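Whatever order the structure lists ligands and atoms in, that order sets their numbers, starting from 1. Quick caveat, the model's predicted, so the values are computed rather than measured.
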Amino acid sequence: MKTYKINLIPGDGIGVDVVNEGVRVLNAVAEKHGGLKFQYNNLPWSCAYYLEHGKMMPADGMKILRDCDAILLGAVGFPGVPDHVSLRELLLPIRTGFDQYVNMRPIKLLPGLVSPLKNDKIDFVVIRENSEGEYCGRGTSDENGAVQEAVFTRKGTERILRYAFEYAKANGMSRVLSATKSNALNHSMVFWDKIFNEVKAGYPDMDSRQMHIDALAGFFIMHPDRLQMVVASNLFGDILTDLGSAMLGSIGISPSGNINPEGTYPSMFEPIHGSAPDIAGKGIANPAGTFWAIAMMLEQLREKPAADMLMNAMCSVLKAGVATTPDIGGKGTTTSMTDAVIAAL
Ligand code: NAD
Ligand code: IPM
Ligand code: MN
């Protein structure tokens, strides 16, 4: 019997619901598989924790968090604590502190999903830089104005671009598209483009292009079938992936893997959506993004058959379309959808 230790950070709002249901599904996968077991450490770090303790996680939080095989996170942020405080004290320090510099976000119209677009050939991956760029947090502000800096190091830029090309090559893709904005961002994105051109020279068989982020956003809607691999900076990748998940019918669908490729630190898996205060407590959060994130986690733990088992069960529930949540046209709840996935398993 193989046992994995999973650190859970349910966080805030619907993050708590989707992680609770995610654990039920993960246990069902383990039972069905027969050779797997999961041990959980449920960490209460959240905005509620902040209001009680004055911080989002304890001083030794990163040490506690490191001791595991993977981290499953729901969502962080809730009215009552400023978003830049909650996210900059919990989610973002984990991504940078554990050098999870690859953020992998698959955008795929799974069987049963209905895209709001006419063109429904949607199957691509966004690889987002996850450790620096526009999220470096540097700058100044006072009454008279604000300056927000961005940091693009050679090391950080080169490794993410190379990762995207290697991933594309390993997964039979023939096209890599880099998101830029070098017409206006005369330092950061000109540098990004320069490194892109250097890296792409090593992949002569790949159709590699760059596109300005504004045009690329339009391209997502008009020609999603031509996308295979999209590589983007931290901020651009963030925005493009909410767009991407919406192209699948709901931002509750896409998953996000925060990967430390070297395995020096644990990787972290989460849905791409946030804590959704507008529907929190209503029991209607779509758990698909979390289930898909769990499948990514299983794959990263080299438990591919278990990951496939879960994705197949979820797809059959999406196809039936009965127990699913209202955001994708179903009549169900977070719990009914989870029950259906467990039954399908
Ligand atoms: P959001 O993703 O929470 O919600 C945007 C819209 O999508 C809302 O109308 C919401 O109801 C809907 N939605 C989101 N997830 C859904 C799901 N699973 N099922 C059905 N509908 C869903 O984005 P927001 O409103 O910009 O942010 C809310 C809070 O979450 C903020 O504090 C923000 O900073 C935080 N946030 C956290 C994360 C994270 O922890 N990874 C990600 C994004 C936003
Ligand atoms: C995401 C979220 C975060 C991000 C926020 C909450 C800081 O939007 O994971 O996509 O921008 O990375
Ligand atoms: Mn986002």
> When rounded to the nearest 0.5 angstrom, what is the spacing between CZ in F220 and CG in L117?
Replying inline: 11.0 Å

> Which heavy atom of the protein is the closest neighbour of atom 3 (O) of ligand 1, given with residue, atom name and distance?
Replying inline: A276 N, 2.8 Å

> What is the closest protein heavy atom to atom 41 (N) of ligand 1, and at what distance does it sit?
Replying inline: E270 OE1, 2.9 Å

>> Are more than 12 heavy atoms, taken from residues, nucleotides or ligands other than K37, located less than 6.0 Å from that residue's NZ atom?
In response: no

> Under a heavy-atom criterion of less than 4.0 Å, does G289 contact ligand 1?
Replying inline: no

> Rounded to the nearest 0.5 Å, how far apart are CG of N27 and CZ of F38?
Replying inline: 8.0 Å

>> Quick check on contacts: which atoms of ligand 1 are under 4.0 angstrom from a heavy atom of D327?
In response: 19 (N), 20 (C)

> Which value, rounded to the nearest 0.5 Å, describes the distance between Y167 atom OH and I127 atom CD1?
Replying inline: 6.5 Å

>> If I compare all heavy atoms of A48 with all of D12, which pair ends up nearest, and what's the gap?
In response: N-OD1, 4.0 Å

>> Suppose I only count heavy atoms of A285 and a 4.0 Å limit; which atoms of ligand 1 are within that range?
In response: 19 (N)

>> If we only consider heavy atoms of H84, is any one of them less than 4.0 Å away from an atom in ligand 2?
In response: no

> Distance from N130 atom CG to F98 atom CZ, nearest 0.5 Å?
Replying inline: 13.5 Å

> Of all the non-hydrogen atoms in the protein, which one sits nearest to atom 32 (O) of ligand 1, and at what distance?
Replying inline: D83 OD1, 2.6 Å

> Within D238, is some N, O or S atom less than 2.8 Å away from the Mn ion (ligand 3)?
Replying inline: yes

> With a 4.0 Å cut-off on heavy atoms, is R88 touching ligand 2?
Replying inline: no

> Between CD of E299 and CE of M104, what distance do you get to the nearest 0.5 Å?
Replying inline: 9.0 Å

>> Please list the nearest protein heavy atom to atom 10 (C) of ligand 1 with its residue and the distance rounded to 0.1 Å.
In response: D278 OD1, 3.3 Å

>> Donor-acceptor check, side chain of D60 to backbone of K63, threshold 3.5 angstrom: yes or no?
In response: no

>> Taking 4.0 angstrom as the limit and counting only heavy atoms of L87, give me the atoms of ligand 1 inside it, by number and element.
In response: 34 (O)

> Considering only heavy atoms, which of N286, V76, L92, T325 lies nearest to atom 19 (N) of ligand 1?
Replying inline: N286

>> Using a 4.0 Å cutoff against the non-hydrogen atoms of A75, which atoms of ligand 1 qualify?
In response: 40 (O)

>> So, applying side chain to side chain donor-acceptor pair (under 3.5 Å) with Y101, which one of R95, R128, E262 is it?
In response: E262

> Of G74, G274, G77, P277, which has the heavy atom at the shortest distance from atom 28 (C) of ligand 1?
Replying inline: P277

> For ligand 1, which atoms, with element, lie under 4.0 Å from some heavy atom of H273?
Replying inline: 2 (O), 14 (C), 15 (N), 18 (N), 38 (C), 42 (C), 43 (C)

> Any protein heavy atom sitting closer than 4.0 Å to atom 21 (N) of ligand 1?
Replying inline: yes

>> Please work out, at 4.0 Å between heavy atoms, whether the side chain, the backbone, both, or neither of R105 comes within that distance of ligand 2.
In response: side chain

> In Å and rounded to the nearest 0.5 Å, what is the CG to CG distance from N234 to N103?
Replying inline: 8.0 Å

>> Give me the residue, atom name and distance of the protein heavy atom closest to atom 29 (C) of ligand 1.
In response: S275 OG, 3.2 Å

>> I want to know whether F196 and F165 have ring centres closer than 6.0 Å.
In response: yes

> Among protein heavy atoms, which lies nearest atom 16 (C) of ligand 1, and at what distance?
Replying inline: I14 CD1, 3.8 Å

> Under 3.5 Å, N or O to N or O, is E270 touching ligand 2 that way?
Replying inline: no

> Do F191 and N186 have side chains that get closer than 4.5 Å, going by heavy atoms?
Replying inline: no

> Can any side-chain N or O of T290 pair as donor or acceptor with the backbone N or O of G22 at less than 3.5 Å?
Replying inline: no

> Any protein heavy atom lying closer than 4.0 Å to atom 24 (P) of ligand 1?
Replying inline: no

> Between the candidates L73, I279, I251, which shows the shortest non-hydrogen contact distance to atom 5 (C) of ligand 1?
Replying inline: I251

>> Distance under 4.0 Å to a non-hydrogen atom of L87: what atoms of ligand 2 satisfy this?
In response: 6 (C), 7 (C)

>> By the definition side chain to side chain contact (heavy atoms under 4.5 Å, CB included), identify the one residue from T338, I294, T333 that meets it with P287.
In response: T338

> Is it the side chain, the backbone, both or neither of L91 that has a heavy atom closer than 4.0 Å to ligand 1?
Replying inline: side chain

>> Which of the numbered atoms in ligand 1 are under 4.0 angstrom from any heavy atom belonging to G252?
In response: 17 (C), 18 (N)

